Amino acid sequence: MATRRIVQILADGQPGESQKVCGWVRTRRDSKAGLSFVELNDGSCLSSLQLVVPGDLDGWDDAVGRVTTGASLRVSGTLKESPGKGQRVELGVESLEVIGEADAESYPLQKKRHSFEFLREIAHLRPRTNTFGAIARIRNALSAAIHRFFQDRGFVYVHTPIITTSDCEGAGEMFQVTTLDLKRLAQVQTEIDYGQDFFGRPASLTVSGQLEAEIYATSVGDCYTFGPTFRAENSNTSRHLSEFWMVEPEMPFYELPDNMELAESFIRSITAEVLERCGEDMEFFNKRIDDTVLATLANITDNEFIRLTYTEAVEILEGAGREWEYPVQWGRDLQSEHERFLTEEHFGQPVILYDYPRTIKPFYMRCNDDGKTVRAMDVLVPRVGEIIGGSQREDRLDVLLERITECGMEPEDYWWYVDLRRYGSVPHSGFGLGFERMVQLITGMSNIRDCIPFPRTPKSAEF
RNA sequence: UCCCCGAUAGCUCAAUUGGUAGAGCGAGCGGCUGUUAACCGCUAGGUUGUAGGUUCAAGUCCUACUCGGGGAGCCA
């Protein structure tokens, strides 16, 4: 008899059917009258299967003490309609094997609520909890939805490099990659000769696949990357990770309005798909984690995003009639408090801001004719803040060269990037979505460290 | 990196002006029950984050460090 996943049994198992299942014990409740109830979970869904073990089952007297929270079991029996409340069917156990024991004294997961801080310290066991099992399934469904969204539209999935030698991609501190013996070099105290290093020059982990994605956008057409990204910033917040996953589409012949259109339908579409595919898990998040999360997501799928320019946003903020901790002034970057006010209070829904001052944005964004702004856009959502950052790219050779110099960088370091403007240049655009921030938005989890299986943050890289 | 707060039993937290360390949950044992956040009783469990200092006496006061939380900056 083949083993079945619990999600299938709970969905369509019929009384009278013989079933074999494997999984991990969540709880056991004994009835000395001759029964034991065991909640068995196999991770296929949030719900557990209730096992009903008759007290006279062969070998049960010996096994019962080992059927503790966390132990793994293989059982077979007959499905029955459940006379109790809380489940449609239950499994009347006819044979039971304890595969792996879990010592009740030392097993860290107890039959009670744990804090997320504690569970983070046992990241190897936390996916066995309701919350982290659900997050794992949401991440999976969200990944699939992202690929489906782009694949349905003919986008090509491009694998951009993890290791890069562009030492300034414009997005912050980078992790150095080296095979040099730093311990020995420190002892001899010599000047470091990168010619001796693995790549013959300094190398780092990527902070963005955008520049390489532009190469493929201007050859195979609409494309996207979806991979790990690394930032060595000393950021200690609930919205930052040192290693995270980023989705970066890049489209030729797209101007900024096309880019905003795609970003909006992207967010709304993947949100709707996860809501549809992960109903039970989403009910759980709404009940146990954040009772506004389903309403927030419905607001996203049902309404068009607000669009306004940076300049209009500044006017709204100046006229808001409140004291800002940081003053609002055209030409300065908007602060967290400003962005939150716009998306959470003033509009109460996602907002796309565009046309930012060129002085606060990177070199590759296309300059507007006013000479003061660039075609940048940020998508802001309630609670999480900036979830997407993107722009139309500067496609004019002379302007790009000017901007590289203006930003204090060397055009020669970007010779291949500049070449894209020298040969067959086209207007093009793209954006980046922080995958874990999207998971945060969907689940209502307040800390991004709980939205990725093994979080890497400053001073923290266990597991 | 900056500001504020915290670290006490396996977990979540108490402990008056400095005076011998407590509860709930979990665990073990027993009782009861088609149970489902099960219920009732008993028992065990602690170098109070680390290193110094003040004091007759420190969980409590002081200093530094480590880690965690909230906020900020940087960003996705």
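Being a predicted model, the structure only gives us computed values, none of them experimental.
- Set against rA76(B), rU12(B), rG70(B), the side chain of N447(A) has rG70(B) as its closest nucleotide.
- For the P atoms, the distance linking rA15(B) with rA9(B) amounts to 15 Å, nearest Å.
- Residue-environment remark: NZ (K287(A)) stays at or below the threshold of 12 foreign heavy atoms within 6.0 Å.
- Taking the side chain of K112(A) as heavy atoms from C-beta on, and the options rU12(B), rG34(B), rG69(B), the nearest nucleotide is rU12(B).
- The nucleotide whose nearest atom lies closest to any side-chain atom of R120(A) is, among rG69(B), rA76(B), rG26(B), rG69(B).
- Under the 30°/60° scheme for interplanar angles, the aromatic rings of Y356(A) and Y310(A) are found to be tilted.
- Closest approach to the Q110(A) side chain among rG26(B), rG68(B), rC75(B) is made by rG26(B) (side chain taken as heavy atoms from C-beta onward).
- Listed by chain and number, the residues in a ring pair (Phe, Tyr, Trp, His ring centres under 6.0 Å) with Y354(A) amount to none (sequence neighbours excluded).
- Comparing the same atom, P, in rA72(B) and in rG28(B) gives a spacing of 44 Å after rounding to whole Å.
- Taking the ring centre of F132(A) as origin, the terminal cationic atom of R128(A) falls outside the region bounded by 6.0 Å and 45° from the ring axis.
- Of the candidate nucleotides rG34(B), rG28(B), rU12(B), rG34(B) has the atom nearest to the side chain of S82(A).
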Would you tabulate the pairs of protein nitrogen or oxygen atoms and nucleotide nitrogen or oxygen atoms of nucleotides 6-9 of chain B closer than 3.5 angstrom?
none

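- The ring pair (Phe, Tyr, Trp, His ring centres under 6.0 Å) test applied to Y216(A) returns no partner, not counting sequence neighbours.
- Pairs of residues two or more places apart, or lying in two chains, that qualify as side-chain hydrogen bond (donor to acceptor under 3.5 Å, both in side chains) and include a residue from residues 448-463 of chain A are R120(A)-D450(A), R126(A)-D450(A).
- In the set rC75(B), rA38(B), rC67(B), the nucleotide with an atom closest to the side chain of K459(A) is rC67(B).
- Residue contacts for F118(A): at a heavy-atom cut-off of 4.0 Å it reaches the sugar-phosphate backbone alone, with no base atom in range.
- Applying the salt bridge (charged side-chain N to carboxylate O under 4.0 Å, His left out) test to residues at least two apart or on different chains, the pairs with a partner in residues 436-447 of chain A are R139(A)-E436(A).
- Screening residues 46-101 of chain A for ring-ring contact (aromatic ring centres under 6.0 Å, His included) gives no qualifying pairs among residues at least two apart or on separate chains.
- The stretch residues 85-103 of chain A participates, sequence neighbours left out, in these side-chain hydrogen bond (donor to acceptor under 3.5 Å, both in side chains) pairs: Q50(A)-E90(A), R66(A)-E101(A), R74(A)-E97(A), S76(A)-S95(A), T78(A)-E94(A), S82(A)-Q87(A), S82(A)-E90(A), D103(A)-S106(A).
- The aromatic ring of F435(A) does not sit over the base of rA76(B); the criterion of centres under 5.5 Å apart with planes under 30° is not met.
- In the set rG34(B), rG26(B), rA76(B), rG34(B) carries the atom at the smallest distance from any side-chain atom of L35(A).
- Of the candidate nucleotides rC67(B), rU35(B), rA76(B), rU35(B) has the atom nearest to the side chain of Q50(A).
- Rounded to whole Å, atom C1' of rG28(B) lies 11 Å from atom CG of D103(A).
- Residue N130(A) contributes atom CG, which lies 12 Å from atom C1' of rA37(B) at whole-angstrom precision.
- For the segment residues 84-96 of chain A, residues with any heavy atom less than 4.0 angstrom from an atom of RNA chain B are, sorted by number, G84(A), K85(A), Q87(A), E90(A).
- Rounded to whole angstrom, the span from the CG atom of L125(A) across to the P atom of rG26(B) amounts to 19 Å.
- Relative to the six-membered ring of W324(A), R322(A) meets both conditions, a distance below 6.0 Å and an angle of at most 45° to the axis.
- Using bins of under 30°, 30° to 60° and over 60° for the plane-to-plane angle, the ring pair F341(A)/H346(A) lands in the tilted bin.
- Under the 30°/60° scheme for interplanar angles, the aromatic rings of Y417(A) and Y414(A) are found to stand perpendicular.
- Backbone-only engagement by I388(A) is indicated by non-hydrogen atom pairs under 4.0 Å involving sugar-phosphate atoms exclusively.
- Ranking rU12(B), rA76(B), rG69(B) by closeness to the E117(A) side chain, first place goes to rG69(B).
- With sequence neighbours excluded, the residues forming a salt bridge (charged side-chain N to carboxylate O under 4.0 Å, His left out) with E255(A) are R375(A), listed by chain and number.
- Sequence neighbours left out, the pairs with a member in residues 432-461 of chain A that pass ring-ring contact (aromatic ring centres under 6.0 Å, His included) are F226(A)-F435(A).
- Position along RNA chain B of the nearest nucleotide to G65(A) versus R113(A) favours R113(A) as the more 5'-ward residue.
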Check the interface with nucleotides 71-73 of chain B: list each N/O to N/O pair with the protein under 3.5 Å, or write none.
unit_1, atom_1, unit_2, atom_2, d
rA72(B), O2', Y326(A), OH, 2.8
rA72(B), N6, N236(A), O, 3.4
rG73(B), OP1, Q335(A), OE1, 2.3
rG73(B), OP1, S336(A), N, 3.4
rG73(B), OP2, S336(A), OG, 3.4
rG73(B), N2, N234(A), O, 3.2

* Asked: Under the side-chain contact (heavy atoms from CB on, under 4.5 Å) criterion, do D378(A) and L380(A) qualify, and how do the steps go?
  -> CA-CA 6 Å; D378(A) 283 355; L380(A) 311 177; 4.2 Å; yes

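- Consecutive Watson-Crick or G-U pairs involving RNA chain B, each under 3.5 Å on both distances, make up stems of three or more pairs at B:1-7 with B:66-72, B:10-13 with B:22-25, B:27-31 with B:39-43, B:49-53 with B:61-65.
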